[in-house]
There are 2 protein chains.
Amino acid sequence: MTRSGADLALLLLGGFRALADAGSAELARRGYDKIRPVHDFALRSILAGADTTAELARELGISKQAVIKTVGFLEAEGYVAVEADERDGRRRLYSLTHRGRGLLRTGEQVFNELRDAWAQRIGADQLEAVGDALADLGVRAPAHLDAAGWFSGSSAE
Amino acid sequence: MTRSGADLALLLLGGFRALADAGSAELARRGYDKIRPVHDFALRSILAGADTTAELARELGISKQAVIKTVGFLEAEGYVAVEADERDGRRRLYSLTHRGRGLLRTGEQVFNELRDAWAQRIGADQLEAVGDALADLGVRAPAHLDAAGWFSGSSAE
DNA sequence: TCGATACGTCAACCAGGTTGTCGTAACATG
DNA sequence: CATGTTACGACAACCTGGTTGACGTATCGA
């Protein structure tokens, strides 16, 4: 075994960051500024039906307050529209604007392009094997990427 | 190509987090509490000779102030000893305590065990191929894992 | 010798979370 | 139908882990 466990972990992190940084830079270039993955997550969840504050909080695994702040940003930037629920006076219903849908679409495209660029360099099957290996190990895409505290020992219990 | 680029990115992140979470939980179990990767990075850098605040800041890619806070924690927890530099009155020299060296040693061991457990599940060569693929792609272990703002668009320019 | 530079530190601030509290709306139950 | 319980959304306050800017002091170099 030539690579230490720590090195392997850092390579995985490095791989993610390479994609994430390149992706967010490319998104900015295409007019979607200041976007971070958590925003993409939120938009995706809204689209999937989690269209209220409480529901989004559950879905993303963060507090309602954090949702309010995040959605506030997305609304200010024109990605999300908010309206009152006629049947439940407490609720505020979120939905994606045209721009919001455009971001999701563009984001998907950008990351596929990055994946293809990688596939071209090491071979599509090599790259696929990476994903397969991780999937076989039962690695799940983290449902809620709690950026701060991503390491905080608390994550374990 | 069966997996989207976004999925690939999230699998990489998930893989890292799986290792990091399991590792830090196991470290806590072995008596090294409240340890996050940045602490390991700092200890490693000190051991490698970056034994002053400014040098550590350059090495880790964070501000001197952040170094002061981090090292303050490590000193309080007994991982790092601080002494004055006799030749340069401004400097404070950092060094690892016995406990600090123990942490590094244990950490290495823990992560190797995790790697081995993975190798056992999917085969050592499969796992090695993952690391090789990432290395071939020129992925670097991020020198400074700026936990907060790891996504902040700023990373790109 | 003395200006430029580097070190370490402090205070202030910022981002992105959390918790606790609260008013209000909906619901369920006697 | 009155009322207690629960859920929603919002606010304020706080925490963590960073950053920046200012500063005093030590060293170096022309």
Side-chain angles (χ1 to χ4, degrees), chain A residues 24 33-42 46 49-77 80 82-94 142-155 157, chain B residues 24 33-42 46 49-77 80 82-94 142-155 157:
Chain A
S24 104
D33 218 356
K34 293 184 286 183
I35 288 302
R36 289 173 306 116
V38 64
H39 299 137
D40 190 90
F41 268 61
I46 292 172
D51 56 1
T52 67
T53 302
E55 209 164 345
L56 263 182
R58 277 189 298 267
E59 191 69 25
L60 299 175
I62 60 180
S63 65
K64 288 186 294 179
Q65 184 62 8
V67 168
I68 288 173
K69 291 179 184 177
T70 301
V71 173
F73 167 83
L74 289 172
E75 188 187 1
E77 295 287 318
V80 163
V82 182
E83 58 191 319
D85 186 341
E86 295 172 357
R87 325 164 93 184
D88 186 335
R90 297 167 303 176
R91 288 188 175 161
R92 304 175 61 232
L93 288 182
Y94 303 139
H144 51 104
L145 23 114
D146 41 350
W150 58 336
F151 281 144
S152 57
S154 63
S155 55
E157 45 268 356
Chain B
S24 102
D33 216 356
K34 293 184 288 183
I35 288 302
R36 289 175 306 118
V38 65
H39 299 138
D40 191 89
F41 268 63
I46 292 172
D51 57 359
T52 67
T53 302
E55 208 165 346
L56 217 39
R58 276 189 299 269
E59 192 68 26
L60 299 175
I62 60 180
S63 65
K64 288 187 291 178
Q65 183 64 3
V67 168
I68 288 173
K69 292 180 185 177
T70 301
V71 174
F73 167 83
L74 290 173
E75 189 187 0
E77 296 287 318
V80 162
V82 181
E83 57 190 319
D85 186 339
E86 295 174 356
R87 325 163 94 182
D88 186 335
R90 299 166 302 176
R91 288 188 175 162
R92 304 175 61 232
L93 288 181
Y94 303 140
H144 53 102
L145 22 115
D146 40 350
W150 59 338
F151 281 144
S152 57
S154 63
S155 56
E157 46 269 358

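Order of the sequence lines sets the chain letters (A, B, ...), proteins ahead of strands, with each chain counted from 1. Because the structure is a prediction, the values reported are computed rather than measured. All values below were derived from every heavy atom in this structure, side-chain atoms included, with hydrogens, water molecules and symmetry-related copies excluded.
Considering only residues two or more places apart in sequence or on other chains, B/Asp40 meets the side chain to side chain donor-acceptor pair (under 3.5 Å) condition with B/Arg44. Remark: A/Asp88 engages A/Asp85, A/Arg90, A/Arg91 in a side-chain contact (heavy atoms from CB on, under 4.5 Å) (not counting sequence neighbours). B/Glu77 is linked by a salt bridge (charged side-chain N to carboxylate O under 4.0 Å, His left out) to B/Lys34, counting only residues two or more places apart in sequence or in another chain. Taking B/Arg92 as the reference, nothing meets the side chain to side chain donor-acceptor pair (under 3.5 Å) condition, with sequence neighbours excluded. Every residue two or more places apart in sequence or in another chain that forms a side-chain contact (heavy atoms from CB on, under 4.5 Å) with B/Leu56 is listed here: B/Ser45, B/Ile46, B/Ala50, B/Leu60, B/Val67, B/Val71, B/Tyr94.
Following rounding to the nearest Å, B/Lys34 (NZ) and D/dC15 (C1') show an atom-to-atom distance of 15 Å. The CD1 atom of B/Ile68 sits 14 Å away from the C1' atom of D/dG21 (whole-angstrom rounding). Between the NZ atom of B/Lys69 and the P atom of D/dT19 there is a distance of 9 Å, given to the nearest Å. As rounded to whole Å, 21 Å separates atom P of C/dC14 from atom CD1 of B/Ile62. When the C1' atom of C/dA6 is taken as reference, atom CG of B/Leu56 falls 16 Å away, rounded to whole Å. The CG-C1' distance, from A/Leu60 to C/dG16, rounds to 14 Å in whole Å. Atom CG of B/Asp85 is separated from atom C1' of D/dT25 by 15 Å (rounded to the nearest Å).
Residue order along DNA chain D, read from the 5' end via each residue's closest nucleotide, puts A/Asp51 first among B/Ser63 and A/Asp51. Residues A/Glu86 and A/Thr70 each lie close to DNA chain C; by heavy-atom proximity, the contact nearer the 5' end of the strand is made by A/Thr70.
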Using the 3.5 Å cut-off, write out each protein N or O paired with an N or O of nucleotides 4-8 of chain D and the distance between them.
{"from": "D/dA7", "atom 1": "N3", "to": "A/Arg90", "atom 2": "NH1", "distance (Å)": "2.8"}

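Sorted pairs that involve residues 50-72 of chain A and meet ring pair (Phe, Tyr, Trp, His ring centres under 6.0 Å), not counting sequence neighbours, are lacking altogether. The stretch residues 51-73 of chain B participates, sequence neighbours left out, in these ring pair (Phe, Tyr, Trp, His ring centres under 6.0 Å) pairs: B/His39-B/Phe73.
For the pair A/Val82/A/Leu93, no side-chain contact is recorded, criterion being any heavy-atom separation below 4.5 Å from C-beta on.
The side chain of A/Arg36 contributes an N or O atom lying less than 4.0 Å from OP1 or OP2 of C/dG16.
Comparing C/dC10, C/dG17, D/dG18 by their nearest atom to the side chain of B/Gln65 picks out C/dC10.
For the helix from C/dT1-D/dA30 to C/dG30-D/dC1, the rotation axes defined at the first and last 5 base pairs enclose an angle of 0°, given to the nearest 10°.
Between the CD atom in B/Glu75 and the OG1 atom in B/Thr70 there is a gap of 12.5 Å [rounded to 0.5 Å].
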